[in-house]
Enquirer: 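Please read through the structure below; I'll follow up with questions.
What you see below is based on every heavy atom in this structure, not just the backbone, and it leaves out hydrogens, waters and symmetry mates. Atoms within each ligand, like the ligands themselves, are counted from 1 in listed order.
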Amino acid sequence: MDQFIINGGARLRGVVPISGSKNAALPIMAATLLTEGETILRGVPLLDDVESLSVLLRKLGANARRDDDGAIRLRVEDEQNCVAEYELVRKMRASICVMGPLLARRHKAQISMPGGCAIGDRPIDLHLAGMENLGADVDLIGGDIHLRAKRLKGAEMFLGGPFGSTVLGTANVMMAACLAEGTTIIESAACEPEVADVANYLNACGARISGHGTPRITIEGVKSLKGCEYTIIPDRIEAGTFMMAAAITNGELTLTNCRMDHLLAVIDRLKAVGVNIERKDGGAVVSSARRLEPITVATQPFPGFPTDLQAQLMALLSLADGNSIITEKVFPDRFLHVAELNRLGARLRKEGQTVVIEGVRRLIGAPVMASDLRASAALVLAGLIAKGQTRISRVYHIDRGYEAIEKKLAAVGADIQRMAE
Ligand code: EPZ
């Protein structure tokens, strides 16, 4: 297993190219199971999760390979196997999004029930309710979900849950509905840009989806879909992470390939902290005053402040002049980074779904352990500013969702190295 060794203190300066969105690429790759012919996806980031999904798609009869120019070519060649086994789903929950395509195209699917993970319980009841609304029979047998449907029929449904909408649940039902008979309306659909990107890809393949990006999505079923060439949207969570890297080191970073309209809630909160963010030809220039203001924020489904940037913001606010408050409303247990940040000298106190952050003057480097993808990113941000050396173990978590993060950081002045543990 690899670790990062970071010597803190450098003020980051330079240009950071933002990669394609992991959370758009994964469901879009799964959506190719619905299509005939070849799909060429551009802008797919080089991530362990992308490789894991490619392994699963190959087991499901797709030819999935990356060209020398970085594009991923996908073509379904055999539709016999409909099983997404535990070993693969356990490693990556996003595998769940092969459910809708398999059911719609092959009329059956057997998907291992995803277990919990570092950010808490990960139920899929809304996914299954959506499939049943479309007319599927759903049974849980020996830890696997068995779904069957001769022909899915369009339906109206409400897909909101106790924590708001479901991103992959919306993508799954939307994908299944593309080949269903008749019209499907999803009320309380997820509005995330990644879900809209899946819809845009499917429409480019001949689907008839409207309302994506809003809480009500309408899908008119069609007979078939044809693969196409498509470019994935930029990763707004990576962009937000690097904005905070500029802010925490009092540096100045220019982010290219960054969609500001996907980050309005993040920009609003960072400006309240005292971070300067200016649009610049298709990207952003980010810098911060030395003094960081404390703020209050609660995570929400899009367009609210994203849960995937909660840990990174907590690292930044650890150095604000005063007390900040973060409330996590999407994944109430998503706080494994709190204890690790406290090891670096932060003063964080968790009270249920809320953490009170008492700003400190400095963080002190120490050995810490990554736990989930975004918590790991928070530890990297803290290490960039902590006095002395920070050693982050288990960085395989970060490799799942950030393309060559240590190289991008070193290129703008960070003293960070990857070493075998
Ligand atoms: C997606 O996960 C993202 N993953 C997550 O990003 C992200 O944190 C999350 O959306 C929220 O934005 C991918 O896109 C691959 P949800 P997803 O279904 O779809 C509850 C990262 O770091 N819920 O929107 O699995 C659920 O427990 C990852 O890149 C149900 O109750 O999340 C949670 O509290 C981490 N029943 C809330 O809804 C269900 O059937 C939101 O979950 C489904 C979800």
Side-chain angles (χ1 to χ4, degrees), residues 19-31 45 47-50 52-53 56 89 91-100 111 113-133 138 145 157-175 186 188-198 215 232-233 235-241 262 265-266 299-312 328-334 336-337 353 370-378 397-403:
S19 302
S21 163
K22 166 178 85 80
N23 291 350
L26 295 175
I28 289 175
M29 288 170 70
L47 300 172
D48 291 356
D49 273 9
V50 168
S52 302
L53 187 59
L56 173 56
V89 178
K91 262 183 77 177
M92 186 188 61
R93 171 191 161 76
S95 315
I96 196 78
C97 54
V98 302
M99 180 195 291
I111 318 272
M113 188 79 159
C117 70
I119 64 178
D121 188 19
R122 306 296 294 273
I124 58 166
D125 56 307
L126 298 173
H127 297 240
L128 302 181
M131 299 307 161
E132 285 175 329
N133 278 320
V138 178
I145 305 137
M157 65 185 80
F158 177 81
L159 219 47
F163 299 96
S165 49
T166 164
V167 171
L168 289 182
T170 301
N172 241 334
V173 174
M174 184 173 72
M175 290 189 281
I186 303 174
S188 189
C191 303
E192 274 68 6
E194 294 77 26
V195 174
D197 211 29
V198 177
I232 306 289
I233 54 170
D235 194 313
R236 62 191 169 101
I237 304 303
E238 185 192 22
T241 303
H262 291 169
V266 177
T299 64
Q300 305 278 355
F302 193 87
F305 190 92
T307 175
D308 292 349
L309 283 170
Q310 179 255 104
Q312 300 90 316
E328 173 55 64
K329 293 195 168 176
V330 179
F331 290 107
D333 299 326
R334 191 173 199 170
L336 286 179
H337 44 285
Q353 290 176 234
S371 53
D372 79 87
L373 170 52
R374 308 305 174 180
S376 320
H397 287 292
I398 210 160
D399 293 334
R400 293 189 49 180
Y402 286 92
E403 188 173 29

Enquirer: Locate the shortest heavy-atom distance separating Ala94 from Leu26; write the atom from each residue and the value.
Expert: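 Nearest pair, atom of Ala94 first, then Leu26: CB-CD1, 3.8 Å.
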
Enquirer: Going by the rule salt bridge (charged side-chain N to carboxylate O under 4.0 Å, His left out), which residues pair with Arg374 if we only count those two or more places apart in sequence or in a different chain?
Expert: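 Residues passing salt bridge (charged side-chain N to carboxylate O under 4.0 Å, His left out) with Arg374: none at all.
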
Enquirer: Of all residues at least two apart in sequence or in a different chain, which pass the salt bridge (charged side-chain N to carboxylate O under 4.0 Å, His left out) check with Glu238?
Expert: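 With neighbours one apart ignored, the set is Lys408.
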
Enquirer: Run the numbers on Ile124 and Arg93 for side chain to side chain contact (heavy atoms under 4.5 Å, CB included), then give the verdict.
Expert: CA-CA 10 Å; Ile124 58 166; Arg93 171 191 161 76; 3.7 Å; yes

Enquirer: With a 4.0 Å heavy-atom cut-off, what residues sit around ligand 1?
Expert: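 Ligand 1 pocket, heavy atoms under 4.0 Å: Lys22, Asn23, Arg93, Ala94, Ile119, Asp121, Arg122, Pro123, Ile124, Asp125, Leu126, His127, Phe163, Ser165, Thr166, Val167, Leu168, Thr307, Asp308, Val330, Phe331, Arg334, Leu373, Arg374.
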
Enquirer: Can you list the residues that meet the salt bridge (charged side-chain N to carboxylate O under 4.0 Å, His left out) rule with Asp308, with sequence neighbours excluded?
Expert: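 By the salt bridge (charged side-chain N to carboxylate O under 4.0 Å, His left out) rule, Asp308 matches Arg334.
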
Enquirer: With side chain to side chain contact (heavy atoms under 4.5 Å, CB included) as the test, would you mind laying out the steps for Lys22 and Arg400 before giving the verdict?
Expert: CA-CA 9 Å; Lys22 166 178 85 80; Arg400 293 189 49 180; 5.8 Å; no

